[in-house]
Chemist: 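Here's a structure for you.
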Number of protein chains: 2
Amino acid sequence: MSLPHAILTALLERPSSGLELTRRFDKSIGFFWSATHQQIYRELAKLEQGGLIRAVPGPPARGQKKEYEVLPAGREELAGWVAERQDPKPVRDALLLRLRAAAVVGTAGLDAELERHLELHRRQLADYAAIEERDFPAGKADGENRLHHLVLRAGIGLEATWIDWLTEARAELAADPL
Amino acid sequence: MSLPHAILTALLERPSSGLELTRRFDKSIGFFWSATHQQIYRELAKLEQGGLIRAVPGPPARGQKKEYEVLPAGREELAGWVAERQDPKPVRDALLLRLRAAAVVGTAGLDAELERHLELHRRQLADYAAIEERDFPAGKADGENRLHHLVLRAGIGLEATWIDWLTEARAELAADPL
DNA sequence: ATTTCTTATGCAACTAGTTGCAGAGGATCA
DNA sequence: TGATCCTCTGCAACTAGTTGCATAAGAAAT
């Protein structure tokens with residue numbers, strides 16, 4: 001049940017309409033918790049009904065922007081969730097599964113995929129690095145920002161790990177194809 | 001659509017009944033693609049109906065084991081899937097989301113979670129290391145095994161990354177709590 | 001002024017995965 | 001010999017996320 005909390009966080013950072021949230025979920029928060037506009041609209045309705053957020057007054061009409069803001073109950077809910085006990089989800093990665101499959105049916109066509117993934121991860125890492133340079137220049141570190149930077153560094157670490165591993169994997173396959 | 005392919009892979013490695021598969025999905029394959037017995041039974045039925053696997057002949061009865069084996073069509077399907085183009089799924093991690101939430105509502109209770117996750121990842125890494133030592137002793141490397149080892153090393157790399165990051169995160173929070 | 005594009009919200013139907021429970025058969029034990 | 005426990009298969013109902021489409025308001029184009 002993370003989506004409602006992702007939305008509460010985003011709304012606390014800045015009250016927004018559904019579409020604005022959707023756009024923000026395409027960057028920043030979306031880097032580690034993506035969501036489509038459908039999920040967001042549905043969840044906004046639920047959160048409003050549950051009394052955790054409210055639509056900022058205005059004429060309610062279809063095709064009109066509707067801004068939401070977080071109510072005290074929503075903030076409390078979120079603070080509680082931060083401290084909650086939640087086990088990390090086990091890895092769930094189709095590429096690893098495909099390697100395992102390749103071990104029984106052969107590696108035909110696999111290297112192209114490894115190469116492609118390598119390129120994608122390199123690009124993602126470059127994007128993160130650019131954000132880091134832009135938003136977190138050395139030395140400057142106030143409260144909220146320090147945590148945002150920390151989250152970004154997790155993304156950077158993970159991408160770097162994939163890049164290393166994919167490079168190793170390609171070398172291994174090239175050295176002695178099955 | 002990875003579950004059917006995970007099952008085909010497992011069945012090619014060894015024909016099995018539903019429950020045997022479930023047990024194997026608690027280890028090895030399950031390290032990067034977990035599944036409950038429910039998912040497995042449902043998927044076995046679909047795969048059988050689709051002509052990709054078949055039940056090894058025997059008396060069909062409730063409460064009785066039913067062994068499945070992969071048919072040629074299933075093997076072809078799997079080989080095709082290995083070469084398929086599939087983008088990596090973006091990261092989706094609730095702990096990172098919680099850090100982001102903590103940046104707005106405060107970090108109360110968070111360090112305990114970071115510590116707990118650190119311990120869990122350390123344990124997972126130790127498990128992987130034990131498997132590596134047992135199944136892939138230095139020097140020995142035949143075809144199928146090399147790929148299995150590669151997959152395991154991905155798991156090891158990811159766990160190590162989390163451990164590094166969590167250690168850094170705790171230090172950062174301890175140094176100057178919000 | 002009417003068509004057309006963009007912005008914004010939303011319904012309906014789908015796939016994937018989870019949770020809770022039920023029931024048949026065999027093994028064990030008193 | 002029947003109570004009870006374990007193994008194995010499975011149904012039903014649920015939550016989460018995805019995809020395709022509809023519809024309304026307002027801006028811009030001709």
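Hydrogens, waters and symmetry mates play no part in the numbers below; they use all other heavy atoms, side chains included.
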Chemist: Are A:Arg153 and B:Trp165 in a cation-pi contact, defined as NZ or CZ under 6.0 Å from the six-membered ring centre and within 45° of the axis?
Modeler: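 Judged by the rule (NZ or CZ under 6.0 Å from the ring centre, within 45° of its axis), A:Arg153 is not positioned above B:Trp165.
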Chemist: Honestly curious: do A:Tyr68 and A:Leu71 fall in one hydrophobic cluster under the side-chain, below-4.5 Å linking rule?
Modeler: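 No, because A:Tyr68 and A:Leu71 fall into different hydrophobic clusters, even though each may have its own neighbours under 4.5 Å.
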Chemist: Using a 4.0 Å heavy-atom cut-off, does A:Thr22 contact any base of the nucleic acid, only the sugar-phosphate backbone, or nothing at all?
Modeler: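 Since no nucleic acid heavy atom lies under 4.0 Å of A:Thr22, the category is nothing.
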Chemist: Between residues 37-53 of chain A and DNA chain C, which residues have a heavy-atom gap below 4.0 Å?
Modeler: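 Hits under 4.0 Å, by residue number: A:His37, A:Gln38, A:Tyr41.
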Chemist: Does the A:Arg146 side chain pair with the main chain of B:Glu172, one donor and one acceptor, at a distance under 3.5 Å?
Modeler: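 It does hold such a pair.
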Chemist: Check the distance between C:dG25's C1' and B:Leu19's CG and give it to me in whole angstrom.
Modeler: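 Rounding to the nearest Å, CG of B:Leu19 and C1' of C:dG25 are 14 Å apart.
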Chemist: Quick one: on DNA chain D, does A:Met1 or B:Tyr68 contact a more 5' nucleotide (nearest heavy atom)?
Modeler: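 Closer to the 5' end of DNA chain D: B:Tyr68.
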Chemist: Can I get a per-line list of side-chain donor-acceptor pairs under 3.5 Å for residues 36-50 of chain B, giving both atom names and the distance, sequence neighbours left out?
Modeler:
unit_1  : atom_1 : unit_2  : atom_2 : d
B:Thr36 : OG1    : B:Gln39 : N      : 3.4
B:Gln39 : OE1    : B:Thr36 : N      : 3.1

Chemist: Mind listing the residues from residues 79-90 of chain A sitting with a heavy atom below 4.0 Å of DNA chain C? Number order is fine.
Modeler: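 Those residues: none at all.
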Chemist: Hey, is A:Glu113 close enough to A:Arg116 for a salt bridge, meaning N to O under 4.0 Å?
Modeler: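 Salt bridge present between A:Glu113 and A:Arg116.
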Chemist: Round to a whole Å and report the spacing from NZ of A:Lys66 to C1' of C:dG10.
Modeler: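 Answer to the nearest Å: 9 Å.
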Chemist: Taking only the side-chain heavy atoms of B:Thr36 (C-beta and beyond), determine which of C:dT19, D:dA16, D:dT9 contains the nearest atom.
Modeler: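 Out of C:dT19, D:dA16, D:dT9, the nucleotide with an atom closest to B:Thr36's side chain is C:dT19.
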Chemist: Please report the distance, rounded to the nearest Å, between CD1 in B:Ile7 and P in D:dT9.
Modeler: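 That distance rounds to 13 Å.
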Chemist: Strictly distance-based, threshold 3.5 Å: is any side-chain N or O of A:Thr161 a donor or acceptor partner for the main-chain N or O of A:Gly157?
Modeler: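 Yes.
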Chemist: Is it the case that over 12 heavy atoms from other parts of the model lie below 6.0 angstrom from the CZ atom of B:Arg85?
Modeler: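 Result for CZ/B:Arg85: open.
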Chemist: Give a yes/no on whether any side-chain N or O of B:Arg92 is located under 4.0 angstrom from OP1 or OP2 of D:dA16.
Modeler: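 Negative; the distance criterion is not met.
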Chemist: If two hydrophobic side chains count as joined below 4.5 Å and joins carry through other members, does A:Leu118 share a cluster with B:Leu158?
Modeler: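 Yes, A:Leu118 and B:Leu158 fall within the same hydrophobic cluster.
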